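Notes follow once the structure below has been shown.
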Amino acid sequence: QVQVVESGGGLVQPGGSLRLSCAASGFSFDYSAVGWFRQAPGKEREGVSVISMTDGATYYADSVKGRFTISKDNAKNTVYLQMNSLKPEDTAVYYCAVDRRWDTRPVEAERLWRQRGRYDYWGQGTQVTVSS
């Protein structure tokens with residue numbers, strides 16, 4: 001049974017930090033990538049970051065570069081999103097998603113990683129609220 005479960009969301013003040021976790025089970029991570037997306041009220045779901053489980057390559061949205069860091073633990077089938085210097089505009093539901101046919105070529109990865117339709121499995125989401 002495939003499971004993708006996010007955790008670690010919560011309420012934090014501006015400038016604070018949170019670490020999200022995405023634990024997956026029921027399938028192999030070989031040739032996969034794990035992405036984080038977010039959706040704020042009234043807005044479309046947007047890509048935040050992605051990491052290749054094969055070679056560790058990472059990609060980020062411009063809005064989070066330098067503040068968020070994605071990492072992985074293959075032994076635990078878990079991906080993390082460390083979020084620092086949080087801003088009110090980071091408030092959203094954060095979703096973890098798995099692409100099981102990841103193209104590791106950098107040009108293709110950069111072009112495709114934001115496409116939600118590529119991802120095979122999604123978690124239920126975790127709320128992140130940045131407010132004073």
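Since we're looking at a predicted model, the values are computed, not measured.
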Task: Salt-bridge present (Asp99, Arg118; N to O < 4.0 Å) - done: yes
Task: Interatomic spacing from CZ in Arg67 to OG1 in Thr69 - rounded to 0.5 Å - done: 11.0 Å
Task: Closest non-hydrogen atom pair, Ser131 against Pro14 - done: C-CD, 3.6 Å
Open item on the list: Pair Val79, Ile70 - check side chain to side chain contact (heavy atoms under 4.5 Å, CB included), show working.
Closed with: CA-CA 7 Å; Val79 168; Ile70 192 169; 3.8 Å; yes
Open item on the list: Can you confirm if the NZ or CZ of Arg38 lies within 45° of the ring axis of Tyr94 and under 6.0 Å from the centre of its six-membered ring?
Closed with: no
TODO: For the pair Gln39 and Glu46, evaluate side chain to side chain contact (heavy atoms under 4.5 Å, CB included) and give the outcome as yes or no after the intermediate values.
DONE: CA-CA 6 Å; Gln39 188 166 19; Glu46 64 175 358; over 6 Å; no
TODO: Kindly say whether Val130 contributes a backbone atom to a donor-acceptor pair with the side chain of Gln13 at under 3.5 angstrom?
DONE: no
TODO: Check the hydrophobic clustering (I, L, V, M, F, W, Y; side-chain heavy atoms under 4.5 Å; chains of links allowed) and say if Trp36 and Tyr95 are grouped together.
DONE: no
Task: Contact summary for Phe29 and Ala24, nearest pair of heavy atoms - done: CZ-CB, 3.5 Å
- [ ] Kindly say whether Lys76 contributes a backbone atom to a donor-acceptor pair with the side chain of Thr78 at under 3.5 angstrom?
- [x] yes
Open item on the list: For Glu44, is the CD atom crowded, meaning more than 12 foreign heavy atoms sit under 6.0 Å from it?
Closed with: no
Open item on the list: Please give the remaining members of the hydrophobic cluster of Leu112, linking ILVMFWY side chains under 4.5 Å, ordered by chain and number.
Closed with: none
- [ ] Might you point out which heavy atoms bring Gly35 and Tyr119 nearest each other, and give the distance in Å?
- [x] N-CE2, 4.1 Å
Open item on the list: For Asp55 and Thr104, which I'm curious about, is there any donor-acceptor pair between the side chains at under 3.5 Å?
Closed with: no
- [ ] Would you give the length of the straight line joining atom CD of Gln82 to atom CG of Asn84, rounded to the nearest 0.5 angstrom?
- [x] 4.5 Å
Open item on the list: Please report whether the ring centroid of Phe37 lies less than 6.0 Å from that of Trp122.
Closed with: yes
Open item on the list: What verdict does the side chain to side chain contact (heavy atoms under 4.5 Å, CB included) test give for Gln124 and Glu6, after you've listed the backbone C-alpha separation in whole Å, the side-chain angles of each residue and the deciding distance to 0.1 Å?
Closed with: CA-CA 7 Å; Gln124 80 290 347; Glu6 306 97 334; 2.9 Å; yes
Open item on the list: As an exercise, state the distance from OG of Ser32 to CD1 of Ile51, rounded to the nearest 0.5 Å.
Closed with: 12.5 Å
Task: Pairing residues for Tyr121 by the ring-ring contact (aromatic ring centres under 6.0 Å, His included) criterion, not counting sequence neighbours - done: Phe27
TODO: Give the intermediate values and the outcome of side chain to side chain contact (heavy atoms under 4.5 Å, CB included) for residues Val98 and Met53.
DONE: CA-CA 10 Å; Val98 181; Met53 302 304 285; over 6 Å; no
Open item on the list: Grouping I, L, V, M, F, W and Y whenever their side-chain heavy atoms are under 4.5 Å apart, do Val12 and Met83 come out in a common cluster?
Closed with: yes
Task: Pairing of Asp120 and Arg101 as salt bridge, 4.0 angstrom limit - done: yes
- [ ] Would you kindly confirm whether Val4 and Leu81 end up in one hydrophobic cluster when ILVMFWY residues are joined by side chain heavy atoms under 4.5 Å apart?
- [x] yes
Open item on the list: Do Val64 and Val34 sit in one hydrophobic cluster, given that two such residues count as connected whenever their side-chain heavy atoms are within less than 4.5 Å of each other, even indirectly?
Closed with: yes
Open item on the list: I want to check something: taking the side chain as every heavy atom from C-beta on, are Lys72 and Tyr80 in contact at a cut-off of under 4.5 Å?
Closed with: no
Open item on the list: Strictly distance-based, threshold 3.5 Å: is any side-chain N or O of Arg45 a donor or acceptor partner for the main-chain N or O of Arg116?
Closed with: no
Task: Considering all heavy atoms, the nearest Ala92-Ala40 contact - done: CB-N, 3.8 Å
Task: Euclidean distance, Arg100 CZ relative to Ser28 OG, rounded to 0.5 Å - done: 6.5 Å
Task: Reported CH2-to-OG distance for the pair Trp102 and Ser52, which is rounded to 0.5 angstrom - done: 7.0 Å
Task: CG on Leu20 to CZ on Phe68, rounded to 0.5 Å - done: 8.0 Å
TODO: Determine whether Val128 and Leu18 make a side-chain contact, defined as any pair of heavy atoms from C-beta on separated by less than 4.5 Å.
DONE: yes
Task: Ion pair check, Lys87 and Asp90, cut-off under 4.0 Å - done: no
TODO: May I ask you to decide if Tyr60's main-chain N or O and Ser49's side chain share a donor-acceptor pair within less than 3.5 Å?
DONE: no
